[in-house]
Amino acid sequence: MRLNKFLTIHLLWLSALLAPAQAFAQEQIKQDTAATIVPAEIPADSVLPGQKKPFTKSQLLEGSNRRYLRRAVIPSAALIGVGILTMHERGSFAVRDARNRSFAEFSTEADDFMMLAPLVGLYGFNIISSQNRHHFTRQTLLLLSSGALTAGLVFPVKKWTDIDRPNGKPWAFPSGHTGYAFTIATFMDKEFRHKSPWVSVASYSIAGATGVLRVLNNAHWFADVVAGAGVGILSVNTVYWVHAKLTKGGGLNTTFVPVVFPEGGKGMALTIQF
């Protein structure tokens, strides 16, 4: 009976974690007329710098404020809010106690590596498929930017909240592992959702499983992993939103050129054309 209660609790919060994945993975059947106007200066079949193929109508709207609010800010705020509301005695202790009763000896290092699994798919797709959204270098730049933003949000909050983990170690809230897992999953969703919604479903499932393992390993509270998921989703969507604003839905035209410094030294310069 205790096991049934434990599984029920985890199925409920795992469903909350994967809800954004379902929303992101679904094909956009209906769109608000005001939000679906493709900028006139970008023909639908144009391949702009940094792109692999013409963007879909949905991708051209990446810089839409309304779309960003609906698909990024609101879901992320909901997840982070759930994390804050379930801190300490409001929920996380109950999940920890259920874990201790049913899986007291559970221990694995899989959560340290599982979150990286979608990256294998990412660069594998780059080799065998031509349907990824951006070129390899642009993908890497966007991924690193998203990861940096996640780190910039997670680690200061960890030190500011100064909450101990269930195992007694410091800096629990929010979960960095879960944050990075959902950063990678959301990135995969951005790059390959148009190829197949199952890429998004698989990526978010792996991210959700990472969060579950962090709880089962007694390394994090329930609140930590839910908030971490929200941070990861918000970071990637913010990077893509800003990128679209700067490039008007296309890409930055970047090139490296050799230069000779006044002292005679040689080097390389990066040029960026908007």
Side-chain angles (χ1 to χ4, degrees), residues 20-21 24 48-53 55 59 62-63 68 71-73 75-76 80 111-159 171 174-195 199-200 202-204 206-207 210-211 227-257 267-274:
F24 285 132
L48 300 176
Q51 295 176 210
K52 290 283 288 187
K53 291 182 177 295
F55 281 173
Q59 291 169 343
E62 198 73 65
Y68 172 67
R71 294 199 173 193
V73 176
S76 299
I80 295 171
D111 48 336
D112 291 330
F113 310 101
M114 181 180 291
M115 64 180 180
L116 301 176
L119 289 182
V120 177
L122 168 67
Y123 292 108
F125 282 143
N126 282 333
I127 296 173
I128 66 175
S129 174
S130 62
Q131 297 185 36
N132 44 302
R133 179 171 172 180
H134 290 97
H135 287 295
F136 172 82
T137 52
R138 186 61 50 78
Q139 283 182 339
T140 303
L141 176 62
L142 291 169
L143 178 60
L144 291 176
S145 299
S146 300
L149 181 56
T150 297
L153 293 172
V154 165
F155 291 103
V157 174
K158 278 180 176 290
K159 293 189 176 183
W171 302 335
S175 167
H177 278 70
T178 311
Y180 285 126
F182 274 83
T183 295
I184 294 171
T186 307
F187 180 80
M188 290 294 291
D189 173 71
K190 290 288 188 184
E191 288 294 316
F192 292 101
R193 183 196 320 149
H194 63 284
K195 178 179 175 66
V199 174
S200 300
S203 298
Y204 278 113
I206 291 172
T210 300
V231 171
I233 292 171
L234 180 64
S235 295
V236 177
N237 278 277
T238 299
V239 166
Y240 274 77
W241 177 64
V242 172
H243 178 263
K245 289 286 190 183
L246 292 175
T247 63
K248 297 182 180 179
L252 297 175
N253 187 11
T254 59
T255 56
F256 283 95
V257 295
M268 297 293 292
L270 172 66
T271 65
I272 302 177
Q273 180 179 352
F274 293 88

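For the pair Gly228 and Pro174, the tightest heavy-atom approach, listed with the atom from each and the gap, is N-CB, 3.8 Å. In this structure, Asp189 and Ser200 approach most closely via the heavy-atom pair OD1-OG, 2.6 Å. Closest approach of Phe192 and Val199 over heavy atoms only: CB-CG1, 3.7 Å. Scanning all heavy atoms of the two residues, the minimum distance from Gly63 to Ala244 falls at N-CB, 3.4 Å. Residues Met188 and Ser203 share a closest heavy-atom pair of CB-OG, 3.4 Å. For Tyr180 against Ala151, the heavy-atom pair with the smallest separation is OH-CB, 3.2 Å.
Atoms OG1 and CZ, on Thr210 and Phe113 in that order, are 12.0 Å from each other to the nearest 0.5 Å. Note: Lys190 NZ to Gln139 CD = 14.0 Å, rounded to the nearest 0.5 Å. Here the OG atom belonging to Ser175 is positioned 6.0 Å from the NZ atom belonging to Lys158, to the nearest 0.5 angstrom. One distance of note links CD1 of Ile184 with OH of Tyr204; it measures 12.0 Å at 0.5 Å rounding. Note that CG of Leu144 and CG of Leu149 are 12.5 Å apart. Values are rounded to the nearest 0.5 Å.
In this view, Leu142 and His134, Arg138, Phe187, Glu191, Val239, Tyr240, His243 satisfy the side-chain contact (heavy atoms from CB on, under 4.5 Å) rule, not counting sequence neighbours. With sequence neighbours excluded, no residue forms a side-chain hydrogen bond (donor to acceptor under 3.5 Å, both in side chains) with Ser146.
Shown are Val157, Ile233, Val231, Leu153; of these, the side chain to side chain contact (heavy atoms under 4.5 Å, CB included) with Ile80 is made only by Val231.
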